[in-house]
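This report refers to the structure that appears directly beneath it.
Excluded from the calculations below are hydrogen atoms, water molecules and symmetry mates; all remaining heavy atoms, backbone and side chain alike, are included. Below, chain A is the first sequence line, B the second, and so on; all start at residue 1.
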Amino acid sequence: MIITWAAGLIRRRSGRLAATALGIALAVALAAALGSFLTASKSTMTARAARSVAVDWQVEVQAGTDPATVLRSVRTSPGVRTALPVGFARTSGFQARAGGSVQSTGPGTALGMPDGYSSAFPQEIRQLTGTPAGVELAQQTAANLHAAPGDTVTITLPGAPETRVKVDGVVDLPQADSLFQKVGAPPQSQPTAPPDNVILLPAAAFSRLTGAAGATAVTTQIHVARNARLPSDPAAAYTAVTGAAHNLEVRSAGGALVGDNIGAALGAAREDALYAQILFLFLGAPGVTLAALLTAAVAGSGADRRRGEQALLRTRGLAPRKVGTLAVIEALLIGTAGGLLGLGLAAVAGRAAFGTASFGATATSAALWSGTAFALGLAVALLVVLVPAIRDLRAATVAQARRSVGRRDRSPLWMRYGLDIVMLAGSLLVFRASSGNNYALVLAPEGVASISVSYWAFLGPGLLWLGSALVLWRLTAFALRHGRGLLTRLARPLTGTLAGTAAAGINRRRRPLARSVVLFALALSFAASTATFNATYRQQAEADAQLTNGADVTVTEPPGAATGPEGASALAAVSGVHHVEPIQHRFAYVGSDLQDLYGVRPTSVGSVTALQDAYFAGDTAHDLMAALKARPDSLLVSAETVRDFQLAPGDLINLRLPYARTGALRTVPFHFAGVVKEFPTAPKDSFLVANAAYVAKSTGSAAVGAFLVDTGGTHQKQVGDRLRSQLGTTATVTDITRTRNAVGSSLTSVDLSGLTRIELFFAVLLAAGAGGIVLVLGLAERRRTFAITTVLGAGRRQVRGLMLSEAAVTAAGGLLGGALIGWALSQMLVKVLTGVFDPPPSAVAVPWAYLALTGGVALAAIASAALGSARSFSRPAVEELREL
Amino acid sequence: MTSADVLVDARDAARTYGRGPTAVVAVHGATFQVRAGDRTAVVGPSGSGKSTLLHLLAGLERPSGGRVSWPGLDTPSAESAPIHQIGVVFQGPSLIPALDVVENTALPLVLAGVPEGQAQRRAQASLHDLGIAGLARRLPEELSGGQAQRVAIARVLTQSPRLVLADEPSGHLDRATADHVIDVLISAVDMLGAALVVTTHDHAVARRLAIRREMHEGRLIAPHGTQGPQS
């Protein structure tokens, strides 16, 4: 009996079974793909975090402990590849003679670098000019001293005689913050900025310099590169690394403190991993839910027929239990077919998008996720086939079951109790609570191994999604019930004299139609919100890259170069360059604090780089640039400076700037005009922005620090290469494509773009499925109705008109509802997930092209479903009637 | 009697389903005429080909052999059936579930291009004539089997056809309801002055009609009744 039934199902109901299995396949594929990708993504986060660190550990030798003993101990620790000692000495200051004048600096730091340091830790030091492996000046120190390779610098250590050294080169220290960290101190006690003045000496020269100094002025750090295999999960890797660091400290019995740079990077990565997990849930769960709903709708479209068949079996004497067993067989058949198809689909999607069927995850992880997704598919199949069958068996008598429908004017329970409104109100409340200023979605306390997510915040978008879907259901049902006159008028172009009949049919079928509209709208809103979130993330990642790099391509002049703004014309002549904008870079004293000063041309700086309002506080970018133009002595300062100096708008600020001809510092008056938080090419800490013309006039020099090059947003790499070959070593050229890969401190664009690539692919499928499959099955289930209509004299055009009018209702309601829900959901997602964005967005980015594509594909699916169904009635109606 | 009195004329009409060894012959070359005013019953057991014959006469199916024509009816072309002049009552449920009784009854007129309001007025009149005006605003799901068949007959009445073909119109009804439905059908046909062909396996129903033709295994086997058709 069971085999006969199963064979009959496959033979006679293959279309409905296949469509239901397809819905399950989508749910399984999405879950398997996202799960495998998440695992792979976490693993790459660990690898990237480890790669980003220049020195894994900075082990500081404590006073009274022999550095050689600690070095031996470190070198014998498990997982250590290289360990080299670095000396740190505090200096009273440096002096240099340049152009007939003597330049002096404040206190600084001298480092004693061992042989082979640069090759062991290549990311720590970047050579700008001169030769490596000698006496090297940090870039800012060279600028302060007006020193260049070949010049002599005098170093003064407290309690020691002056030492003169000849400068071999100028270097940049990209990871100065961690290099000059206060080892063992909590983050809040760390220095706000690295020292302004740094000199790097070979180990022997450093020993000579510090030989006469007191022990308190000199410390030794052992810089360590590790090669221990890290667990792929960032949280596990963090635990392993911090455990090893603590072990080393314990073994040194207080003789060494570990500055755990790799632990800090992994700590940030584990936070990113948790964000990835959140995104997986926020963006992935609706997709899987939608696929399950689609499956339920597909299965539900055959519910009347199944109820009739079930009733027939019972009248023929089959026990309810056996009828239930047949439903289990159907569910398993659909679940297995859908599951296998889904895993295949996931593998194909993985191979197409990432070149690997497992999305880069290990075989075990991929198998685990595949198994979980397959089980999910089976569960969905049981839920959509078995549960309704059992409910019918329990609730209905045979006679009731054979009656497919009846006049059900009573609204569903949720509608009568206003569950939709309650959900929306709940969503708003949760959203207000979870988008407050002090709310942290991911809580990762410093130094604590465990991190937590506030899953409470999920409720906001979740309730919005469900609540707005139910509201749409309510509104659609209301409109179809009470808008019959309007429906008649709207249906007339498609159905002619049948418009009233078409409207009557739509009016009575308002429930299944409302369900189709809601499903279609949810699919579209899923696509819209995911795509908008992704576009906003990309917009902000681009803004981050632009902030770091300055523009599409940036040409940075070496310290001390005197190239003026006229240098822009040579760069503008290079092929692919649209516009070149010079930016001055000086160092200025605000009181005793040395800060970077950027001189800009307020009218044109915005044409090469995106100045977002979020970069400023209290005023828009446009207004502040207008202020710089209107009053050239205006100055934009950081919020920290405003706080430190208690500044109010219009206040006088005297900056001390080096005068070009003498090199001596000269006081230049400025007026406080506004607060700047971020600025292209500027560092993260305090800096100043002023009018370039005023700075040039006040300092006697129009020397440019960097040229921002606009390439029109394309071919940045190629233009960068051309400029590099033209300029040689006279300037440093950076392009945004390289910077884009280097930044991405939190969730890198690689991870999110992968996640959204999977989602956007499935979103299109779901939208097409929700629009097309549900409609085509709904129409197929009413083949008898259309066959009778044909027998009664309906022409092919009239039948097509009836079908198209239903399709039009689904399409119009779904598009409108989907757009509204998608918009609301995008706004909420971007707000709730603010922590993912760096910098936070001032407005969401709408990917119109993708949305148009999705809408177009979905509409095409609906139109094809209606026209295809109409075409299938080309066979004689009586044949249809005989088969039904 | 002139040829114009012959509403439908089947000459050696045959219908075969499928091809090759699995082909099933539902109707072997049947020759059959229906004249204006005829009351004909085609009697036979299930599977004898009655419904297929009726579909051939209605023009709902094309014959695989022989030909069917409608000399007494206005046909758009020699090949096409005069669908709006033939009323068909089906065996099973044949009402559109999403339309109420009036809308169902008016549907053939609306499909023929009659304005909706006018079609509904004529539908109301038909329902009234058959004594079921009270069912006008009900949905098909709210009707009993007998009521649904009466509405199907009212739909035919509204159409004002010259030929009514009824396929087992009381096949799934109890005796009393079946009798009532046949009464309604005959009275409707009388009102229209149309010819009637009823297929049935029920000899009691067949006896109520003047002409009886028997069908067995796809063949019309012998004429019965007062008018002697030809085989």
Side-chain angles (χ1 to χ4, degrees), chain A residues 304 308 399-400 402-409 480 484 488 491-492 495-513 778 781-799 801-802 805-806 875-884, chain B residues 15 17 26 51-52 54-56 58-62 76 81-100 102-120 137-145 152 155-156 158-159 161 165 167:
Chain A
D304 291 346
Q400 282 170 334
R402 294 192 73 168
R403 276 182 58 180
S404 60
V405 277
R407 195 194 287 270
R408 280 168 283 181
D409 277 341
L480 296 183
R484 200 162 147 179
T488 306
R492 205 171 298 285
T495 54
T497 53
L498 269 179
T501 309
I506 289 171
N507 168 279
R508 306 248 164 65
R509 297 196 67 254
R510 58 183 172 272
R511 285 193 182 173
L513 277 173
E781 283 300 320
R782 287 184 298 131
R783 271 158 62 203
R784 185 179 182 88
T785 295
F786 292 115
I788 291 167
T789 313
T790 306
V791 166
L792 292 177
R796 207 176 289 176
R797 262 183 77 181
Q798 287 172 311
V799 172
L802 288 173
S805 58
E806 284 197 15
R875 55 196 292 224
V878 76
E879 282 184 29
E880 295 282 356
L881 285 174
R882 185 179 288 117
E883 283 188 8
L884 296 167
Chain B
R15 185 72 175 102
Y17 296 108
S51 296
T52 305
L54 202 81
H55 294 156
L56 290 173
L60 297 175
E61 287 190 76
R62 286 170 184 257
I83 200 159
H84 293 297
Q85 294 178 61
I86 301 175
V88 183
V89 179
F90 290 96
Q91 181 177 5
S94 64
L95 301 180
I96 308 293
L99 301 182
D100 67 19
V102 177
E103 289 158 350
N104 260 293
T105 311
L107 188 57
L109 293 183
V110 176
L111 289 171
V114 176
E116 205 175 10
Q118 192 184 332
Q120 291 208 0
R137 288 300 160 196
R138 289 205 197 165
L139 287 175
E141 292 80 6
E142 296 162 332
L143 303 176
S144 67
R155 184 168 66 190
V156 167
T158 309
Q159 206 180 335
L165 303 171
D167 186 12

| task | Please round to the nearest 0.5 Å and tell me the distance separating atom OG1 of A:Thr488 and atom CD of B:Glu116. | result | 7.0 Å
| query | If you measure from the Lys or Arg side-chain nitrogens to the Asp or Glu carboxylate oxygens, is any gap between A:Arg508 and B:Glu141 under 4.0 Å? | reply | no
| Which residue out of B:Leu95, B:Val156, B:Ile96, B:Ile86 racks up the most heavy-atom pairs below 4.5 Å with chain A? | B:Ile96
| said: To check you understand the geometry: which heavy-atom pair defines the closest contact between B:Pro97 and A:Thr785, and what is its length? | reply: CD-OG1, 3.5 Å
| field | Side-chain touch B:Phe90/A:Val791, heavy atoms, less than 4.5 angstrom | value | yes
| said: Can you tell me which of A:Ala499, A:Gly795, A:Gly500 forms the most heavy-atom pairs within a distance under 4.5 Å of chain B? | reply: A:Gly500
| query | Are A:Leu498 and B:Leu107 close enough that some pair of their side-chain heavy atoms sits under 4.5 Å apart? | reply | yes
| request: List the atom of A:Ala504, the atom of B:Leu99, and the distance in Å for their closest heavy-atom pair. | output: CB-CD2, 3.9 Å
| B:Asn104: what forms a side chain to side chain donor-acceptor pair (under 3.5 Å) with it, not counting sequence neighbours? | none
| said: As an exercise, state the distance from CG of B:Leu109 to OG1 of A:Thr497, rounded to the nearest 0.5 Å. | reply: 11.0 Å
| task | Keeping the roles fixed (side chain from B:Glu103, backbone from A:Thr501), state whether a donor-acceptor pair exists under 3.5 Å. | result | no
